[in-house]
Trainee: 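What follows is a single structure, and I will ask about it in a moment.
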Protein chains: 2
Amino acid sequence: MTSTLDTVFAALADPTRRAILSMLLEDDMAVTDVADPFEMSLAAISKHLTILTRAGLISQEKRGRVKWCKLEPDAMKGASVWMQGFGQFEPVNLDAFERFLEHHLDTAEEE
Amino acid sequence: MTSTLDTVFAALADPTRRAILSMLLEDDMAVTDVADPFEMSLAAISKHLTILTRAGLISQEKRGRVKWCKLEPDAMKGASVWMQGFGQFEPVNLDAFERFLEHHLDTAEEE
DNA sequence: GGTATATTCAACTATATGGTTGAGAATGAC
DNA sequence: GTCATTCTCAACCATATAGTTGAATATACC
């Protein structure tokens, strides 16, 4: 939902959640099917899905008794752009990136 | 030092640590100077720097009694590439970055 | 209605994080 | 040697995370 840098990076910091996102690249999945390849309980997976949803990385839609999970890759955009600002050091976009940092991302979050 | 996806994403999930990395874009800094703009204690900043070091995102070198912190942007490569695997968004060139700015996509806020 | 399936909630444990303060170890200045 | 500076360590507190199990809810099937 929120999709701040905080929640997105935190969500991506867990290997189970990254694996879930990879699975959802293929297709939308029901919660039970997401949980299937993992050793842990369904409740644990349900919590992971909540964290991914809060970060905006997936959406969940209930149809009948089944809750479908759908990847929302756009939620990674902000984080991806933020990181790549450190990777690509052409002087051109370095300035722009620093302005971007100052005026948009970090400040917006700490207010 | 390790620079796994786990440690890198976890390190990036904190706004203080992201702010520190942004500061280090300019130049290497001593721990005291890194801590200066923040409200929190020096010890707290020292812990953040430890986490950034463990993630490989910075390196620290002691010269005299001063410990210098240096940005190591290559540590973000793995994480950056991982995210681009989801990339419906192309690697950020100036183009994509400017589009991002134009739409003043305050991705840091809701969705 | 009764039962099976899908998912979450509640309560609990263990561990990590983010912060504090105060003391301690190095180093540099005089 | 004395004193200040730089930085970390230790102990502590509050909160969040990652997992468990068992009960509860909601829907579908017959």
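Fair warning: this is a prediction, and the values are worked out from it, not measured in the lab. To find a chain, count down the sequence lines: A is the first, B the second, and so on, and within it residues start at 1.
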Trainee: For the pair made of CG in A/L52 and P in C/dT8, what is the distance, rounded to whole Å?
Mentor: 12 Å
Trainee: For B/L49 and C/dG19, give me the distance from atom CG to atom P, rounded to whole Å.
Mentor: 12 Å
Trainee: Taking atom P of C/dT17 as reference, at what distance in whole Å does atom CG of B/D6 sit?
Mentor: 11 Å
Trainee: Please report the distance, rounded to the nearest Å, between CZ in A/R54 and P in C/dT8.
Mentor: 13 Å
Trainee: Output the rounded distance in Å from CH2 (B/W68) to C1' (D/dT6).
Mentor: 12 Å
Trainee: Distance from B/I51 atom CD1 to B/T16 atom OG1, nearest 0.5 Å?
Mentor: 10.5 Å
Trainee: Measure across B/V31 and B/C69 and return the closest heavy-atom pair with its distance rounded to 0.1 Å.
Mentor: CG2-SG, 4.1 Å
Trainee: Calculate the interatomic distance between A/E61 atom CD and C/dA6 atom C1'; express it in whole Å.
Mentor: 16 Å
Trainee: Quick one: list whatever passes salt bridge (charged side-chain N to carboxylate O under 4.0 Å, His left out) with B/R17, sequence neighbours left out.
Mentor: none
Trainee: Measure from CD on B/Q60 to P on D/dT6 and round the result to the nearest Å.
Mentor: 16 Å
Trainee: Does the side chain of A/K47 get closer than 4.0 angstrom to OP1 or OP2 of D/dT17 through an N or O atom?
Mentor: no
Trainee: Can you run down the side-chain hydrogen bond (donor to acceptor under 3.5 Å, both in side chains) pairs that involve residues 57-72 of chain A, sequence neighbours left out, and say none if there aren't any?
Mentor: A/T53-A/Q60, A/S59-A/E72, A/E61-A/R63
Trainee: Within this structure, what is the NE2-to-C1' distance between B/H48 and C/dT20, rounded to whole angstrom?
Mentor: 12 Å
Trainee: Restricting to non-hydrogen atoms, name the atom on A/M23 and the atom on A/D33 that form the minimum distance, rounded to 0.1 Å.
Mentor: CE-O, 4.1 Å
Trainee: Please list, chain by chain and in numerical order, all residues satisfying side-chain contact (heavy atoms from CB on, under 4.5 Å) with A/A35, sequence neighbours excluded.
Mentor: A/L42, A/I45
Trainee: Give me the residues of residues 9-21 of chain A where at least one heavy atom lies under 4.0 Å from an atom of DNA chain C, by number, or none.
Mentor: none
Trainee: Could you check B/L52, B/L71, B/T7 and say which one makes a side chain to side chain contact (heavy atoms under 4.5 Å, CB included) with B/L57?
Mentor: B/L52
Trainee: Show each protein N/O and nucleotides 21-27 of chain C N/O combination with a separation under 3.5 Å, one pair to a line.
Mentor:
| from | atom 1 | to | atom 2 | distance (Å) |
| --- | --- | --- | --- | --- |
| C/dT27 | O3' | B/R65 | N | 3.4 |
| C/dT27 | O2 | B/R65 | NH1 | 3.3 |

Trainee: Does B/D36 have any side-chain contact (heavy atoms from CB on, under 4.5 Å) partners at least two apart in sequence or in another chain, and if so, which?
Mentor: none
Trainee: To the nearest 0.5 Å, what is the distance between CH2 on B/W82 and CG on A/L12?
Mentor: 5.0 Å
